[in-house]
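Working notes for the structure below.
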Amino acid sequence: MNIYFGLALCFLPYILFFIGISCFGKTKILHQFIASFLALIAVLPITFIQFWLEEKFSGAIFNKDSLFNLFIKALLVNGFLEEIMRIIFMIFIPAKNNNVKQYFLLSLLCGLCLGCFESMIYLLQNLQSNNLIGGQFLWGLIFARIFTSDLIHMFCAGLCGLFIWSIKNKHVDIGAIVFAVLIHGIYDFFAYFNNGMYWFCLAAILLALIECRVHYTKQNPELKSKNQNEKEDLTEEVVDQTLDGVRLEGNKLIKE
């Protein structure tokens, strides 16, 4: 396969999302570049710490022969470490002059940039070792990561961004970061399998999307107000239907 075309394909989701939020999300291009740059520089400390932990504890709690140890590794090394390190860098995404929607979009862009960069690394690692197989395996690798790994990085970064936003606005949402860590860990746990268990990754991605919606609604005053009004309207409608054809006579309700 053409290596340059493959590398460009790895970053295609990022490019499309970058253009999309610039045109429709009204985010500043400078802020988008800052979010992207923060994602790239976060890769180095994350990779270094992960490598050090696996080297130091590979024969102990990170032994892949045990499912329990494998889950602990996925939760701590992939979930907790990556999300905490991501937050440390995402704090510097500009919040001033951005509303919650724009900040959330910048957070998603940050996560997607990291995911696409990670896909590029995987492509380069597999390019030589799978040269005899041809390009089919590598095409499959790229497309599989676009719809799995890229999305989980994107949605978990979105949850991290909502957590940071909640702190900046003094409405701390601990659940956002807790779910980011748990979902990322669960995703990587199932990603280790080469059998049918692997497809449980999709459930983790769907859960991440749902949690983004839930925690975004919590931090967005307009959506909170809209949902509250819808609940009140629904309650009034139910009461009206219940009391339809009922009149009050003395202290009793009488059905007409």
Side-chain angles (χ1 to χ4, degrees), residues 13-14 17-18 20-21 24-28 31-32 34-36 38-39 42 46 74-76 78-115 147-191 200-232 234:
Y14 165 77
F17 193 72
F18 187 100
I21 66 173
F24 304 107
K26 298 181 179 180
T27 56
K28 296 180 180 179
H31 292 177
Q32 293 175 215
I34 292 174
S36 304
L38 292 171
I46 289 174
L75 190 62
L76 294 181
N78 301 110
F80 181 79
L81 174 63
E82 285 194 32
E83 299 310 323
I84 295 302
M85 292 300 298
R86 198 200 309 267
I87 283 178
I88 291 174
F89 288 92
M90 286 178 64
I91 289 174
F92 299 101
I93 294 178
K96 188 176 181 180
N97 299 325
N98 283 321
N99 56 32
V100 61
K101 175 184 175 181
Q102 292 166 330
Y103 194 85
F104 179 60
L105 289 174
L106 291 172
S107 301
L108 292 176
L109 181 69
C110 180
L112 184 57
C113 181
L114 192 151
F147 294 105
T148 54
S149 180
D150 288 359
L151 291 180
I152 202 68
H153 278 291
M154 182 178 179
F155 294 142
C156 286
L159 288 171
C160 291
L162 291 172
F163 173 68
I164 296 170
W165 179 267
S166 72
I167 294 176
K168 290 178 181 287
N169 290 273
K170 300 179 180 179
H171 296 288
V172 181
D173 185 5
I174 295 294
I177 182 60
V178 170
F179 275 105
V181 171
L182 287 176
I183 293 172
H184 196 153
I186 291 171
Y187 168 86
D188 276 281
F189 171 71
F190 288 113
F200 282 99
C201 291
L202 300 181
I205 295 171
L206 179 60
L207 179 60
L209 174 61
I210 293 171
E211 289 302 323
C212 278
R213 172 64 180 175
V214 169
H215 294 280
Y216 175 74
T217 302
K218 287 182 180 180
Q219 298 301 322
N220 191 324
E222 294 180 3
L223 286 179
K224 286 178 69 175
S225 177
K226 180 181 177 181
N227 290 345
Q228 184 63 32
N229 291 336
E230 288 178 351
K231 288 180 182 179
E232 291 176 357
L234 180 60

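Given the structure is predicted, the values throughout are model-derived calculations rather than measurements. We count residues from 1, following the sequence as given.
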Side chain to side chain contact (heavy atoms under 4.5 Å, CB included), that's the test. Do Asn78 and Tyr187 meet it? Break it down for me.
CA-CA 9 Å; Asn78 301 110; Tyr187 168 86; over 6 Å; no
If you apply the rule side chain to side chain contact (heavy atoms under 4.5 Å, CB included), what do you find for Phe89 with Cys110, and how did you get there?
CA-CA 10 Å; Phe89 288 92; Cys110 180; over 6 Å; no
Verdict with reasoning, Leu81 to Leu76, per side chain to side chain contact (heavy atoms under 4.5 Å, CB included)
CA-CA 6 Å; Leu81 174 63; Leu76 294 181; over 6 Å; no
After noting the C-alpha distance and the side-chain angles of Ile93 and Ile34, does the key distance pass the side chain to side chain contact (heavy atoms under 4.5 Å, CB included) rule?
CA-CA 7 Å; Ile93 294 178; Ile34 292 174; 5.5 Å; no
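Considering only residues two or more places apart in sequence or on other chains, Phe189 meets the ring-ring contact (aromatic ring centres under 6.0 Å, His included) condition with Phe71, Phe193. Scanning for ring-ring contact (aromatic ring centres under 6.0 Å, His included) contacts around Phe163 gives an empty result, with sequence neighbours left out.
Put simply, the side chain of Thr27 gets close to the backbone of Ile21: a donor and an acceptor are under 3.5 Å apart. With Glu211 contributing its side chain and Ala208 its backbone, the two residues share no donor-acceptor pair below 3.5 Å. Remark: side-chain polar atoms of Gln32 are paired, donor with acceptor, to backbone N or O of Phe18 under 3.5 angstrom. Under a 3.5 Å cut-off, the side chain of Asn220 and the backbone N or O of Tyr216 do not form any donor-acceptor pair.
At most 12 heavy atoms of other shown residues, nucleotides or ligands fall within 6.0 angstrom of atom CZ in Phe80.
Taken to the nearest 0.5 Å, the NZ atom of Lys26 stands 12.5 Å off from the CG atom of Leu105. If you take CG on Asp150 and CD1 on Ile152, they are separated by 11.0 Å, rounding to the nearest 0.5 Å. Taken to the nearest 0.5 Å, the SG atom of Cys156 stands 6.5 Å off from the CZ atom of Arg86. Distance CG/Asp188 to SG/Cys201: 8.0 Å, rounded to 0.5 Å. In this structure, the separation between CG on Leu114 and CE on Met90 is 10.5 Å, given to the nearest 0.5 Å. Going from atom CG of Asn98 over to atom CG of Leu106 covers 5.5 Å, rounded to the nearest 0.5 Å.
At least one side-chain heavy atom of Pro13 sits less than 4.5 Å from a side-chain heavy atom of Leu112. Between Tyr103 and Lys168, the closest side-chain pair of non-hydrogen atoms falls below 4.5 Å.
Closest non-hydrogen pair, Gly158 versus Ser107, comes out as CA-CB, 4.1 Å.
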Donor-acceptor contacts, no H, no angles, side chain residues 170-180, under 3.5 Å, sequence neighbours left out:
unit_1, atom_1, unit_2, atom_2, d
Asp173, OD1, Gly175, N, 3.3
Asp173, OD1, His215, ND1, 3.4
Asp173, OD2, His215, ND1, 2.6

